[in-house]
Amino acid sequence: MSSSASVANENGVAVVTIDNPPVNALSFHVRKPLYEALVALRDDPAVSAIVIACAGRTFVAGADITEFGKPVEQPELRAIVALLETIAKPTVAAIHGTALGGGLELALGCHFRVADQDAKLGLPEVKLGLLPGGGGTVRLPRLVGAAKALGMIVSGTPISAGEAEAAGLVDAVLDGDLLAEAIRFASEMAISGGPFIAVRDRNDRLAETDLAAFDVHAADLARKARGLEAPIACAGAARNAITLPFDEALAAERRLFLKLVAGDQSRAQRYLFFAEREAAKVPGRDLHKRKIARVGVIGAGTMGGGIAMAFANGGFPVTLLETSAEALQRGLATIEKNYAVSVSRGSLSEEAKQQRLGLFKGSIDYADLAECDLIIEAVFEDMAVKKDVFGKLDAVAKPGAILATNTSYLDVNEIAASISRPQDMLGMHFFSPANVMKLLEIVRAEKTAPDVLATVVDLARRIGKAAVVVGVCHGFVGNRMLSARGAENEFLLLEGATPSKIDKAFTDFGWPMGPFQMGDLAGLDIGWRNRKARGQTAVIADTLCEQGRFGQKTGRGWYRYESGSREPVADPEVEALILAKAAEQDVEARAIGAEEIIERTLYPLVNEGARILAEGIAARASDIDVVWANGYGFPVGKGGPMFWAGLDGAARIVERLEYWHRQTGRAIFEPAPLLRRFAEKGNWEGVVGRPA
Ligand code: 3HC
Ligand code: NAI
C-alpha cells in the first residue's frame with residue numbers, strides 16, 4: 001500500500017493514517033489507498049471500529065486544488081464518503097489542525113468526529129468560487145441545522161472545535177494525545193453496540209428548519225454576493241438539503257459543483273489562492289530570519305494605531321511612540337475603542353481584548369525603541385519629517401533591528417540613504433484600516449539585505465497578511481496603478497458621465513464601490529493636498545474641496561449624505577458644477593455608457609500594470625493581482641487586473657487603448673510593449689517573470 005494512507009490495528013480498532021504533506025490534501029494517491037483500506041476494513045472481522053487520522057500538522061485540509069480542471073481519477077471523494085456510510089462498525093474521524101472542505105466532508109462520512117482543542121472545522125470552498133462537492137451541503141445541515149450550515153457554507157469561515165461541539169458537528173473535544181483518546185472513544189463505541197447512524201440518515205435537525213427564515217437569510221446573503229456565483233449556489237444547495245430527498249440533493253450539489261469548477265470565477269479564485277502563496281516565494285526566503293520579538297511603531301494616528309493592532313493581534317508586544325503624551329493617549333484610546341467595538345460585535349472576547357491591550361507599551365521617548373527588533377514608522381507623509389525620525393532611530397535602534405517606513409509615495413531609497421544602515425531598511429506599506437486589510441506591500445529598497453526581506457515576508461504571513469514584494473517608484477504597485485485607473489475620471493465627468501453613473505459601472509463590474517464613493521469615504525482633502533504638493537490640479541475635485549466638500553466626514557463630497565448615514569445620494573449641485581466646468585472648457589456632453597467607462601478606467605489600470613512588470617517593480621503578473629484583490633477590492637471572481645486582461649482578451653484591450661490614444665493623445669492609453677507581447681502570445685507565460 002502507498003505510504004499516503006496506512007493502516008494499523010490497535011487492539012481491534014483500525015487506525016487509517018493519511019500522510020500527504022504539507023496539508024494532507026485528498027490527492028488521487030491518497031484517495032485510492034484510502035478507499036481500498038476502507039473496503040478491506042469493512043469486511044475484516046478482526047476490526048471492531050475504524051479511526052481516520054492524519055499525520056503531520058493537520059487533518060485533511062480539503063480536496064487537492066491542483067486536480068481541479070483536470071480529468072477526475074476514481075475513486076472520487078464522494079465514493080469514499082458513500083463507502084464509509086456502508087460500514088456497520090463505528091467510524092471516527094480524529095481531527096487536529098484543520099478539517100476543511102473535502103476534509104470535513106470525509107469526516108462527515110464517519111459516524112463520529114472527535115477533535116483536539118485547537119482544531120478548526122469548515123467548508124471554505126466558496127472562497128475558491130466553489131461549493132462543497134463531496135456532500136458537505138447535504139450532510140452538514142443534518143448535524144448543525146440548516147441555519148448554522150448556511151452561514152458556514154456561504155461564508156466559508158471555519159469554526160473552533162468548541163463551537164463545533166456546541167453545534168453538534170463534533171461529538172467530543174478531547175484533551176491529551178488525540179489519537180490515543182480517539183482510539184479509546186472508538187473502542188467504547190464498539191462496545192456500546194450502537195446504534196451507529198450515518199449522517200445521511202439523521203433528519204431531526206432538518207425537520208426543525210424554519211424555511212421562511214432560511215429564505216430571508218439566503219436572500220440577504222445573495223444580495224451581498226456582488227456577482228459571485230458560488231455563494232448563491234452554496235445557499236441553493238443548502239436549501240436542497242432541506243427540501244429534497246438526500247440522494248436528489250446530493251445529485252443537485254454535484255451538478256452545481258461541476259458547473260462552478262468549470263467556470264471562470266472559480267478558475268480566477270483558485271488562481272488567486274496559489275498567487276498569494278507564490279508571492280511569498282522571494283529570493284533568499286530560505287535564509288536565516290532575524291528574530292522579531294518586539295515591534296516598535298512610530299506615530300499613533302490612523303495607520304500607526306492599525307499597524308500596532310495588527311501586530312498585537314498576532315501576539316507581538318508593541319511599543320507605540322508619539323510626539324506628546326496627549327497624542328499618545330489619543331492613539332491608545334482609539335485602539336481601546338476599536339477593540340471594544342469588536343467585543344460588542346461578538347468577534348472578540350473581553351478576555352482576548354484585555355490580553356491584547358496588555359501587549360501595548362506607550363512611549364514618548366525614542367530610547368524605548370532600543371528594545372525593538374522591528375520598528376515601523378507611520379508619521380506624516382513628509383520627507384523631512386521622515387528623515388528626522390529615521391535619524392533618531394539610527395541613533396537608538398539596536399544593531400540588526402529592521403527599520404521600516406509605511407510611506408505611501410515617498411522614495412524609500414532616499415530615506416535609506418540618509419541613515420548609516422540602509423541594508424536594514426525597507427518599506428512596509430499597510431492599507432487602511434491596517435488591522436483589517438490583508439494586503440502588505442513590502443518595498444525592497446536598493447540596499448535592503450536579502451535576510452531583512454525574507455524576515456519581513458515571513459513575519460507578514462504570521463500576522464495574517466498577504467505580502468507582495470514591490471520595488472521603489474511613486475506609489476509602488478497599488479497606488480501607482482490606482483492613479484492610472486482614476487486618470488480619466490474628470491474627463492469622463494466633463495464629457496457627460498456622472499459620479500453615480502461611473503460608480504454604478506464599477507459596482508456592476510463587481511467592485512465593492514466605485515471611485516467617487518471611495519473618494520468620499522477616504523476624504524477628498526487627502527488627494528487635494530497631494531495634488532497641491534505636486535503642483536497638479538483637478539478642476540472639479542479641487543472646486544469641491546474649496547467648497548469644504550471633503551466627503552463623508554463633512555456630509556458632502558461627490559455625493560450628499562444624510563446625517564448619520566453612509567448612503568451616497570446623488571447631488572444636483574455637483575451635477576450642476578460638472579456642467580458649468582464642461583461649459584467653461586467647451587466640452588460638449590454626450591451619453592457615456594458602462595463599456596466606455598470600463599475601457600477608460602480599467603484598461604489603463606492593466607496597461608500600467610504591464611509597465612510596472614516591465615520595470616521590475618513587481619516580479620510577476622500574479623503579484624499585481626494579489627495587490628489588487630487584497631488591497632483595492634478588485635472582484636476576486638475576475639482574479640485581478642492582469643488575470644482579467646486574459647479573460648477579457650488582451651488583444652482587444654490593446655486595440656481599444658490604441659483607439660483612445662488616437663482620440664485623446666494621452667500617454668495613459670499608449671499600449672505598453674509588454675501588453676502587446678501578452679496580446680500576441682495570449683498569456684503571460686514567458687512574457688515576464690513567472691507566469692500569471
Ligand atoms: N490542495 C492543494 N494544495 C494545497 C491545498 C489544497 N487543498 N491547501 C494548501 N495547499 C498547498 C499550498 O498551495 C502550499 O503550497 P506551497 O508550499 O507549494 O506554496 C502548501 O499547501 C501549504 O499551504 P499554506 O501555505 O496555505 O499553509 P498554511 O499552514 O498557512 O495554511 C491551510 C494551511 C489553512 C490548510 C491553507 O493551506 C488552506 O486554507 N488551504 C485550502 C483549504 C481549502 O480551501 N480547502 C477546500 C478545498 S476545495 C474542496 O475540498 C472541494 C471539495 O468540496 C470537493
Ligand atoms: P495621521 O496623521 O493619522 O497620523 C500620523 C501620526 O504621526 C500623528 O498621530 C502624529 O502625531 C504622529 N507623528 C508625527 N510626527 C511624529 C514624530 N516625529 N514622531 C512620532 N510621531 C509623529 O497619518 P496616517 O494617515 O496614519 O499616515 C501615516 C503614514 O502612513 C503616512 O506616511 C501616510 O502616507 C501613510 N499611509 C497612510 C494611509 C492612509 O490610508 N491613511 C495608507 C497607507 C499609508
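Counting starts at 1 for both ligands and their atoms, in listed order. What you see is a predicted model, and the numbers here were worked out from it, not measured in a lab. The first residue of the sequence shown is numbered 1, and numbering continues consecutively from there.
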Participant: Please verify whether a non-hydrogen atom of E67 lies at under 4.0 Å from ligand 1.
Facilitator: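 In this structure, E67 fails to qualify as a contact of ligand 1 - no heavy atom is under 4.0 Å.
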Participant: Any atom of ligand 1 sitting under 4.0 Å from a heavy atom of K127?
Facilitator: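 K127 does not count as a contact of ligand 1 under the 4.0 Å cut-off.
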Participant: If we only consider heavy atoms of G136, is any one of them less than 4.0 Å away from an atom in ligand 1?
Facilitator: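 No, that is not the case, since the closest heavy atom of the residue is not under 4.0 Å from the ligand.
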Participant: Under 4.0 Å, heavy-atom basis, I'd like to know which part of E105 is in contact with ligand 1: side chain, backbone, both or neither.
Facilitator: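 The part of E105 near ligand 1 is the side chain, not the backbone.
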Participant: Does the side chain of R270 come under 3.5 Å of the side chain of S266 through a donor N or O and an acceptor N or O?
Facilitator: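 S266 and R270 do have a side-chain donor-acceptor pair below 3.5 Å.
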Participant: So, does E278 sit close enough to ligand 1 that a heavy atom of it is under 4.0 Å from the ligand?
Facilitator: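 E278: no contact with ligand 1 (<4.0 Å).
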Participant: Answer yes or no: does atom NZ of K32 have more than 12 heavy-atom neighbours from other residues, nucleotides or ligands under 6.0 Å?
Facilitator: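 Atom NZ in K32 is not crowded, with 12 or fewer foreign heavy atoms closer than 6.0 Å.
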Participant: Does some non-hydrogen atom of the protein lie less than 4.0 angstrom from atom 15 (O) of ligand 1?
Facilitator: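 Flag for atom 15 (O) of ligand 1 set to false, no protein heavy atom closer than 4.0 Å.
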Participant: Among residues at least two apart in sequence or on other chains, which ones pass ring pair (Phe, Tyr, Trp, His ring centres under 6.0 Å) with Y409?
Facilitator: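 Listed in chain order: H474.
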Participant: Tell me which one of I298, T405, T302 gets a heavy atom nearest to atom 3 (O) of ligand 2.
Facilitator: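 The option holding the nearest heavy atom is T302.
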Participant: I want to confirm something. Looking only at heavy atoms, which of N406, N479, V379, T407 is nearest to atom 31 (C) of ligand 2?
Facilitator: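 It is V379 whose heavy atom sits nearest to atom 31 (C) of ligand 2.
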Participant: Check for me whether R277 meets the cation-pi criterion with F273, that is, NZ or CZ under 6.0 Å from the six-membered ring centre and within 45 degrees of the ring axis.
Facilitator: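 Geometry flag: set, cation within 6.0 Å and 45°.
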Participant: Counting only non-hydrogen atoms of the protein, does one fall under 4.0 Å from atom 5 (C) of ligand 1?
Facilitator: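 True for atom 5 (C) of ligand 1.
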Participant: Is at least one protein non-hydrogen atom found at under 4.0 angstrom from atom 11 (C) of ligand 1?
Facilitator: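 No, because not a single protein heavy atom sits under 4.0 Å from atom 11 (C) of ligand 1.
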Participant: Please report whether ligand 2 has a polar contact with H429, defined as an N or O pair separated by less than 3.5 Å (distance criterion only).
Facilitator: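 H429 vs ligand 2: no N/O contact under 3.5 Å.
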Participant: Determine whether more than 12 heavy atoms belonging to other residues, nucleotides or ligands lie under 6.0 Å from atom NZ of K259.
Facilitator: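 Open.
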Participant: Looking at every heavy atom in both R461 and A280, which two are closest together, and how far apart are they?
Facilitator: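 Heavy atoms only, the tightest pair is CD-CB, 4.3 Å.
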